[in-house]
Number of protein chains: 2
Amino acid sequence: MPIPGAVKQLVRIAQEVETEQDLEFAMAEVTRELGFRYYALSHHVDFAATPDRATRLHNYPESWQDYYDRHRLGVSDPVHRASHVTSVGFCWSRIPEMIALTPADRAMLSLGRDQGIGNGFTVPAHVPGESRGSCSFASDAGGATPAHIFPIAQLAGNFAFEAARRLWLRRGQRAVVGTTPLTDRQRDCALWVARGKGDWEIARILGVSEETVAQHVRQACGRYGVNKRTLLLVQTLFDGTLTLTDIFRR
Amino acid sequence: MPIPGAVKQLVRIAQEVETEQDLEFAMAEVTRELGFRYYALSHHVDFAATPDRATRLHNYPESWQDYYDRHRLGVSDPVHRASHVTSVGFCWSRIPEMIALTPADRAMLSLGRDQGIGNGFTVPAHVPGESRGSCSFASDAGGATPAHIFPIAQLAGNFAFEAARRLWLRRGQRAVVGTTPLTDRQRDCALWVARGKGDWEIARILGVSEETVAQHVRQACGRYGVNKRTLLLVQTLFDGTLTLTDIFRR
DNA sequence: GCTGATATCCCCCTTTTCCGGGATGGCGGC
DNA sequence: GCCGCCATCCCGGAAAAGGGGGATATCAGC
């Protein structure tokens with residue numbers, strides 16, 4: 001396992017890289033050293049719509065990026081979706097165990113193979129309140145996947161993403177998310193809203209009147225500047241006021 | 001750098017560990033091998049309030065855990081808060097550059113030192129929709145911090161947290177994700193529902209009639225056995241059919 | 001040629017949510 | 001003492017969602 005050289009390179013990426021060109025060069029080098037052919041380091045957003053609000057570096061074929069953007073795969077790519085259900089890197093062959101694949105997903109994956117992209121390894125990168133991202137390494141279609149190197153790829157992906165994120169933060173606007181913007185009671189109501197309860201039912205559970213619940217829900221919506229309980233739900237999940245774990249536990 | 005042995009151990013943790021005792025033993029071993037004294041692997045929740053809904057493993061002194069729980073530090077611990085602003089592990093000495101420390105934070109850190117906990121390294125672990133978590137390694141107060149080993153600690157933290165998370169998921173029978181994906185059209189509608197659109201508006205966007213949208217939403221709800229669009233939203237987020245990134249893109 | 005899944009459209013009726021107004025009492029800061 | 005924030009309660013009308021019943025057309029697979 002050619003670890004020491006790779007690790008040295010990774011540390012350099014993490015700490016010293018100052019420009020995107022620098023990072024691209026380092027990524028190409030690390031990718032080669034790990035026995036992969038491609039790398040892709042990006043936020044999971046629609047780049048055609050938001051070209052400069054996110055980070056993307058890769059050495060995939062041009063044609064693949066075009067296809068990717070045209071179909072807005074930044075947000076629906078099954079590799080990205082799978083990276084949202086784990087905290088550690090995963091081999092692409094495990095994706096079907098991780099998420100439910102739609103026919104469109106299968107079509108996309110097979111088209112990727114047609115374009116020369118084989119099996120790969122993706123490291124998720126999530127910072128609460130920021131767009132999710134990941135760093136992937138892939139081999140040529142038909143080429144061998146260097147599975148023994150996955151732990152080092154994990155490390156490489158971690159440091160590489162953080163390096164890209166550092167450049168991104170320096171370059172522009174950071175979306176700093178505040179602390180909990182809801183009162184305790186508003187959060188209680190939001191939690192039961194998330195559990196699918198109606199105002200009447202929540203009133204029963206909390207031991208207050210239906211109007212009070214409606215009022216809390218209204219004001220919670222007001223805090224986020226939204227006008228629907230579905231959006232209240234999305235906002236509370238987004239900023240961590242609620243988590244899916246909160247919602248499912250009893 | 002004693003990498004190969006540590007890496008081998010890490011891979012074992014990641015893949016083979018079947019019980020918490022197993023994981024505790026492996027963590028103790030890795031901690032020692034990396035030159036640290038303590039480890040702590042936990043979700044960032046208030047354990048006094050939710051004793052068995054989250055994961056926590058550590059070999060800190062008992063007295064420290066008592067203090068921790070009494071003050072509900074699981075959610076306000078500055079180490080945890082710092083781990084929410086990065087995607088990669090960090091040395092505790094860098095915390096003041098990462099977050100604003102309150103007097104209470106400083107008091108807590110100094111008390112930690114009194115209890116024998118020195119400098120440390122913390123690896124964040126975030127899975128969208130789940131409680132945030134982290135894996136920390138710390139040396140004895142006054143002892144040297146094995147800084148050269150940070151990259152390997154990063155890797156150890158990643159794999160260790162995921163191993164703990166795997167056990168946690170298994171314990172709660174949460175890993176089994178529904179095998180009933182939505183049709184493409186149902187997913188389209190669910191996405192716009194998640195964006196807070198009404199049926200009429202979605203009909204406009206998709207170029208179909210309002211009744212058709214209502215029908216797709218109804219049937220999507222049927223797939224998950226729920227009867228409200230808020231619950232449809234929760235379910236699609238839970239099984240990865242939709243992600244918060246999907247919802248916010250555009 | 002049939003069946004099942006998908007996607008589209010229509011009507012009617014009930015329940016729930018949303019939105020604009022209110023009101024009261026408590027508590028903490030200035 | 002006043003002001004702002006929080007929690008509680010109330011009303012009425014407009015809008016949306018939920019739930020039941022239908023229908024037609026396409027397309028894939030057997």
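By convention in this document, chain letters (A, B, ...) are assigned in the order of the sequence lines, proteins followed by strands, and residues within each chain are numbered from 1.
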Notebook entry, point to check: Toward the 5' end of DNA chain D, which comes first, B:Cys221 or B:Gln215, by nearest nucleotide?
Noted result: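 Nearest-nucleotide comparison on DNA chain D picks B:Cys221.
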Under-4.0 Å salt bridge between [X] and [Y]:
X        : Y        : answer
A:Asp199 : A:Arg218 : no
B:Asp184 : B:Arg187 : no
B:Glu201 : B:Arg204 : no

Check: B:Trp168 and B:His43: aromatic ring centres closer than 6.0 Å?
Finding: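 Yes, close enough.
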Item checked: Out of D:dA7, C:dC19, D:dC6, whichever nucleotide has its closest atom nearest the side chain of A:Asn227 ->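 Between D:dA7, C:dC19, D:dC6, the one nearest the side chain of A:Asn227 would be C:dC19.
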Nearest-angstrom distance from the residue atom [atom1] of [X] to [atom2] of [N]:
X        : N      : atom1 : atom2 : value
B:Asp184 : C:dT8  : CG    : P     : 11 Å
B:Glu211 : C:dT8  : CD    : C1'   : 11 Å
B:Arg229 : C:dT15 : CZ    : C1'   : 14 Å
A:Asp199 : D:dC9  : CG    : P     : 13 Å
A:Gln219 : D:dT8  : CD    : C1'   : 10 Å
B:Leu233 : D:dA17 : CG    : P     : 13 Å
A:Arg218 : D:dC9  : CZ    : P     : 14 Å
A:Gln186 : D:dT8  : CD    : P     : 11 Å

Checklist line | By side-chain hydrogen bond (donor to acceptor under 3.5 Å, both in side chains) - contacts of A:Thr122 (at least two apart) | finding: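 Scan of A:Thr122 (side-chain hydrogen bond (donor to acceptor under 3.5 Å, both in side chains), adjacent residues dropped) gives A:Trp92, A:Ser136.
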Next item on the list: Determine, stepwise, if the pair B:Tyr60 / B:Tyr38 fulfils ring pair (Phe, Tyr, Trp, His ring centres under 6.0 Å).
Entry: CA-CA 6 Å; B:Tyr60 282 151; B:Tyr38 300 109; 5.5 Å; yes
Notebook entry, point to check: DNA chain C: B:Glu210 or B:Lys228, which has the more 5' nearest nucleotide?
Noted result: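 This one resolves to B:Glu210.
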Do any side-chain nitrogens or oxygens of [X] fall under 4.0 Å of OP1 or OP2 in [N]?
X        : N     : value
B:Thr212 : C:dA7 : no
B:Thr183 : C:dA7 : yes
B:Arg185 : C:dC9 : no

Notebook entry, point to check: Which pair of non-hydrogen atoms, one from B:Phe161 and one from A:Ser87, has the smallest distance, and what is that distance?
Noted result: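 So the minimum-distance heavy-atom pair works out to CD2-OG, 3.7 Å.
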Next item on the list: Remember a base hit wins even if backbone is also touched, and classify A:Ser209 as base, sugar-phosphate or nothing at under 4.0 Å, heavy atoms.
Entry: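 Sugar-phosphate, no base atom in range.
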Notebook entry, point to check: Near DNA chain D, which residues from residues 200-208 of chain A have a heavy atom under 4.0 Å away?
Noted result: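 Going residue by residue through residues 200-208 of chain A, the ones with a heavy atom under 4.0 Å of DNA chain D turn out to be A:Val208.
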